[in-house]
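Below, chain A is the first sequence line, B the second, and so on; all start at residue 1.
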2 protein chains.
Amino acid sequence: MARTQTTTAQNYLKELYQLQQRSDGHAPVPLGQLADSVGVTPGTATTMVKRFAGDGLMRYTPRRGARLTPKGEKVALGVLRRHRIVETFLVQHLGLDWSEVHEEAEVLEHAVSEKVLDRLDALLGHPTTDPHGSPIPPAHGKMQRVAMRPLSRCKAGQRVTIGRLLDTAPGFLKLAETLGLVPDTQVRIVEVNEDADAVTVRIGRRKPATLGLAAADKIMVSND
Amino acid sequence: MARTQTTTAQNYLKELYQLQQRSDGHAPVPLGQLADSVGVTPGTATTMVKRFAGDGLMRYTPRRGARLTPKGEKVALGVLRRHRIVETFLVQHLGLDWSEVHEEAEVLEHAVSEKVLDRLDALLGHPTTDPHGSPIPPAHGKMQRVAMRPLSRCKAGQRVTIGRLLDTAPGFLKLAETLGLVPDTQVRIVEVNEDADAVTVRIGRRKPATLGLAAADKIMVSND
DNA sequence: ATGAACACTTTGATTATTCAAAATAAATAT
DNA sequence: ATATTTATTTTGAATAATCAAAGTGTTCAT
């Protein structure tokens, strides 16, 4: 049965889910990474993960790492769904800036009931992505998987559409907004310079913008 | 500084505030009552209240009871404000039934930031009462005090307006709704029978409704 | 007054979550 | 291979919040 419902558990599950997505390939996620994401010391993560494993929410191999079980993944997707629907609501109906809604949603995701969530979802017209372009897990059924690649791996001359921003830090999002790098925007790759560690892009007739590769790594795009 | 910010502390403060309102007169509220309201055993309330007293949030006299300090009251009013604005939002914008929003708000009141609260408040047009007629404490300044008396203390023949429902239990609210006893409704007192422990009221041409005095006690009215 | 009743407080434990620091294992470099 | 570094786990302890049950003070009725 387990305390699938505590804020703490939900956070561990949610973070693990996201770490699995990134470095995917069915390899377990090292607990140090999980500890970082959750914001606890490594020792704490070890303790907690062992408990979640006992609850059937994670599969844990000492010294190697952890993975979500199907049961744990279901919970994680629920949390992510709440998070992203709340974010969408905050932007679309309360007019908050997209750079600040992540933090708000971190708290609200644990306080919104199924019923309220459904109403929000309906009010928003059953959105499939949040303001940062991240997919909103459906209430039932599998998550749709959209093929995207990071802006850092594009070639000069290509025309692509911004799909999703992977970094939720307000500073990063504020910058992206300023540059016009928001989901559904068409962008032309002006130059990719591995040596200078930079990508230069251009939106319409705006003045070109240059980003470091680390930043460009966190901007996912799809072909026009 | 104290942990004014934990959900638990906020609940104790909020409940104490409400108990003070009822049996007011600057007399301390017995901890047994507070324990009941918060939903903990008496021993727990004693432990907690001593801590809050140490934090300057309550004034505590052993064996007599507790009262909020001005500082504690400020926190309590903030919680109440969040609770009631959230309730109003849930009813007016998400279409939840007024009988169920109290429970939802019990959780959300601890998750809504100042910024989100302000936006909700603006979206709702700065309401002064929640769906049950309870006053919403203003962001700054004193709470307005409206003179009302319980329906149980009315006399036959009087015409009064329903102002506020004091009981938040879904069952009670559902009943009140069915009978039409919702805020701002005009009601005529048909009969008050102390012996039968009942009050009979009539709304417009509807068929008269009879309530026990205990229920009528929880319905506050004002003169037409 | 005198002893029940009742309300409140104390005590001793428990659960959930966390940290710091010591111990251990694995990976890397020399 | 051996030593060093790095990552992970263990251990011991702390904090917040709670309960059950025993203890104590008050009040009330006789």
Where does the chain B footprint on DNA chain C start and end, counting 5' to 3' with a 4.0 Å heavy-atom cut-off?
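It runs C:dA7 to C:dT10.
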Under 3.5 Å donor-acceptor pair, A:Arg63 side-chain atoms to D:dT8 base atoms:
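Answer yes: a donor N or O sits under 3.5 Å from an acceptor.
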Interatomic spacing from CG in B:Leu211 to NZ in B:Lys218 - rounded to 0.5 Å:
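So the gap between those two atoms works out to 10.0 Å.
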Flag the pair B:Asp55 and B:Lys71 as a salt bridge only when some basic side-chain nitrogen lies within less than 4.0 angstrom of an acidic carboxylate oxygen.
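Salt bridge: no.
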Could you tell me whether A:Glu73 and A:Lys142 have a side-chain N and a carboxylate O separated by less than 4.0 Å?
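So A:Glu73 pairs with A:Lys142 through a salt bridge.
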May I ask you to verify if any side-chain N or O of [X] is less than 4.0 angstrom from the OP1 or OP2 atom of [N]?
| X | N | result |
| --- | --- | --- |
| B:Thr44 | D:dT18 | no |
| B:Thr47 | D:dA17 | no |
| A:Thr46 | D:dT8 | no |

Side-chain heavy-atom pair [X], [Y] within 4.5 angstrom cut-off:
| X | Y | result |
| --- | --- | --- |
| B:Val201 | B:Leu181 | yes |
| A:Val101 | A:His132 | yes |
| B:Gln10 | B:His83 | no |

Along DNA chain C (nearest heavy atom to each residue), the more 5'-positioned of A:Thr8 and B:Leu31
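Closest to the 5' end, via its nearest nucleotide, is B:Leu31.
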Can you work out whether A:Val38 or B:Gln33 has the more 5'-proximal nearest nucleotide on DNA chain C?
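Final value for this comparison: B:Gln33.
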Identify whether any heavy atom of A:Gly43 sits under 4.0 Å from a base atom; if not, whether one sits that close to sugar-phosphate; answer base, sugar-phosphate or nothing.
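Counting heavy atoms under 4.0 Å across all strands, the contact made by A:Gly43 includes a base.
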Using a 4.0 Å heavy-atom cut-off across all strands, classify B:Arg64 as base, sugar-phosphate, or nothing.
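It contacts nothing in the nucleic acid.
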Could you state the atom-to-atom distance from [atom1] of [X] to [atom2] of [N] in whole Å?
| X | N | atom1 | atom2 | result |
| --- | --- | --- | --- | --- |
| A:Met48 | D:dT8 | CE | P | 18 Å |
| A:Lys50 | D:dT9 | NZ | P | 8 Å |
| B:His110 | D:dA17 | NE2 | C1' | 15 Å |

Just to verify, what does A:Thr7 make a side-chain contact (heavy atoms from CB on, under 4.5 Å) with, not counting sequence neighbours?
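Scan of A:Thr7 (side-chain contact (heavy atoms from CB on, under 4.5 Å), adjacent residues dropped) gives A:Asn11, A:His110.
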